[in-house]
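Values below: every heavy atom of this structure, side chains too, minus hydrogens, waters and symmetry copies.
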Amino acid sequence: LYRKLVLAERKVEMIQAGAAFRRDPTLMSILARLISENHFDAVRDEIYRTLDDAAKNPIEPDRLAAIKSHIRYAFAMGMNTPDRVANTLGEFLQLTGNPDSVNQMYETYDAVTAEDIQRVAAKYFAATNRTVITLRQEKAGGGAKNREDQLPGTEAQAATVTVISPSERAIEIEGSAACESRTDDDTEIRSSNAPASETILLNANSPLVAIRILFNAGSKDDPAGKEGLAALTARMLAEGGTKRYSYDEILERLYPMAAEVGTHCDKEVTVFTGDVHRDKLAEFYDLFVETLHAPRFDPDDFERLREEQLNYVSKILRGNNDEALGKWTLQLALYSEHPYGHVDAGTVSVNAASKVATLP
């Protein structure tokens, strides 16, 4: 669903599914956040079709193996702090009273067959067990005029669809970044070398590897009229594929490892992140390096990520996160006419007006 609705058709910005661990029967939920309310029927029908297909056709053996691998490595990747270890162990203890139930659960996962999945899907994902909840945000009204570039949001409408049904080694890193920057007395866009900072902390006792590459370039370096450029460029590297692989193909390779490549653009710095289990480090590291050294810069990925940034500024920030909205409103008031004076993801007008021709 993610590959079809998010990457290929760009009808959905986010889609996820899951069920909480409970002693008693619980709910399995599928949550999708639409890019436009106009896609509601198509997204709903595609979710239904996927559920029906799971009931009618057995999953491919390779796909089932990848899912089992992902589940196992995702659990290990989640044990990255003492707090998470304690919370996870406590959850299993309160459910079963037996700490070994964690191992028993994953032994059960290993024993699951394609026929088991098909049988459960046919029994529990039936239309008679299904409840659909649709949330729509009313159009924002009023507000200061001509301030959509100054405030984190604008008049917009969002739609969210929820479908619910009952269920069951040291690494050496070197690099530099070419960034665009400006000063108050020099509005020309110029290229500057921003060296990457490197720190290696090797914990021989941990099976988890976390890579962080920091570049001294951030949203303060966005050229005037191109606010959000640093954030969008960083996402094009982390979420836009490489010259060898499309982003879809990279996700396919990362999935069995439960590994992640990410980025965060702040005012002063941009950080690229990689998280993987030590078992898969060599395979993952090749992909991670390739994302930074040989980005794809595909126009379709550019348009998808630009739309996501626009959606964040115009809908998510304004309608879904009051705390972040308040903080940004205060920061924009404090840093008016300053390089800090815009949301890191950019402004509504810049994101809306950006075309593929301006691909950084």
Practice item. Under the salt bridge (charged side-chain N to carboxylate O under 4.0 Å, His left out) rule, collect the residues that match up with Asp116, sequence neighbours excluded. Key: Arg119

Practice item. Using salt bridge (charged side-chain N to carboxylate O under 4.0 Å, His left out) as the criterion, list what pairs up with Lys243, not counting sequence neighbours. Key: none

Exercise for review: Show your working on side chain to side chain contact (heavy atoms under 4.5 Å, CB included) between Arg296 and Tyr247 and close with a plain yes or no.
Suggested key: CA-CA 9 Å; Arg296 192 178 189 88; Tyr247 185 53; over 6 Å; no

Review point. Going by the ring pair (Phe, Tyr, Trp, His ring centres under 6.0 Å) test, which pairs reach into residues 49-91, not counting sequence neighbours?
Key: His70-Tyr255, Tyr73-His277, Phe75-Tyr106

Review point. Which residue pairs pass the ring pair (Phe, Tyr, Trp, His ring centres under 6.0 Å) test when at least one of the two sits in residues 216-237, sequence neighbours left out?
Key: none

Less than 4.5 Å apart, any side-chain heavy atom of [X] and any of [Y]?
X	Y	answer
Tyr245	Arg253	yes
Leu31	Met14	yes
Ile250	Thr242	yes
Leu93	Pro99	yes
Val271	Thr273	yes
Leu208	Met77	yes
Thr88	Met79	yes
Tyr312	Glu308	no

Under 3.5 Å donor-acceptor, [X] side chain and [Y] backbone:
X	Y	value
Asp222	Gly228	yes
Ser314	Val348	no
Gln309	Leu232	yes
Arg130	Phe125	yes
Thr270	Ala217	yes
Glu239	Met236	no
Lys68	Asp110	yes
Ser101	Gln104	no

Exercise for review: Apply the side chain to side chain contact (heavy atoms under 4.5 Å, CB included) test between Ser219 and each candidate in Asp344, Leu229, Asp266; give the one that qualifies.
Suggested key: Asp344

Review point. Just checking, is any N or O donor in the side chain of Gln331 or Lys267 under 3.5 Å from an acceptor N or O on the other one?
Key: yes

Any chain of hydrophobic side-chain contacts (each under 4.5 Å) joining [X] to [Y]?
X	Y	result
Val343	Tyr340	no
Tyr285	Leu237	yes
Tyr335	Leu330	yes
Met105	Met28	no
Leu7	Ile30	yes

Would you call [X] and [Y] a salt bridge, using N to O less than 4.0 angstrom?
X	Y	value
Asp301	Arg304	yes
Glu252	Arg3	yes
Glu323	Lys327	yes

Review point. If you draw a 6.0 Å radius around CD in Glu290, do more than 12 non-hydrogen atoms from other residues or ligands fall strictly inside?
Key: yes

What is the distance from atom [atom1] of [X] to atom [atom2] of [Y], rounded to the nearest 0.5 Å?
X	Y	atom1	atom2	value
Glu13	Leu310	CD	CG	9.5 Å
Tyr124	Leu51	OH	CG	15.5 Å
Ile15	Leu1	CD1	CG	4.5 Å
His264	Leu214	NE2	CG	10.5 Å
Asn57	Ile117	CG	CD1	13.0 Å
Ser336	His342	OG	NE2	13.0 Å

For [X] against [Y], the heavy-atom pair lying closest together:
X	Y	value
Ala258	Ala74	CB-N, 3.3 Å
Leu27	Ala19	O-CB, 3.4 Å
Ala231	Ala345	CB-CA, 4.4 Å
Ala114	Pro58	CB-CB, 4.1 Å

**Study point:** Under the ring-ring contact (aromatic ring centres under 6.0 Å, His included) test, residues paired with Tyr2 that sit two or more places apart
**Key:** none

Check your understanding: Sequence neighbours excluded, which residues qualify as side chain to side chain contact (heavy atoms under 4.5 Å, CB included) partners of Glu115?
Key -> Thr113

Exercise for review: Evaluate the side chain to side chain contact (heavy atoms under 4.5 Å, CB included) criterion for residues Ile59 and Ile67: first the C-alpha distance (whole Å), next the side-chain angles of each, then the deciding distance (0.1 Å), finally the verdict.
Suggested key: CA-CA 10 Å; Ile59 189 172; Ile67 292 172; 3.5 Å; yes

Check your understanding: What do the steps show when you test Val132 against Thr134 for side chain to side chain contact (heavy atoms under 4.5 Å, CB included), and what is the final call?
Key -> CA-CA 7 Å; Val132 181; Thr134 305; 4.2 Å; yes

Check your understanding: Hey, mind stepping through Lys11 and Glu46 against salt bridge (charged side-chain N to carboxylate O under 4.0 Å, His left out) and telling me if it holds?
Key -> CA-CA 11 Å; Lys11 294 177 180 176; Glu46 185 62 27; over 6 Å; no

Review point. Does Phe272 have Arg212 sitting over its ring (NZ/CZ under 6.0 Å from centre, angle to axis within 45°)?
Key: no

Exercise for review: Dump the intermediate steps for side chain to side chain contact (heavy atoms under 4.5 Å, CB included) on Val276 and Val209, then the final yes or no.
Suggested key: CA-CA 5 Å; Val276 67; Val209 177; 4.1 Å; yes

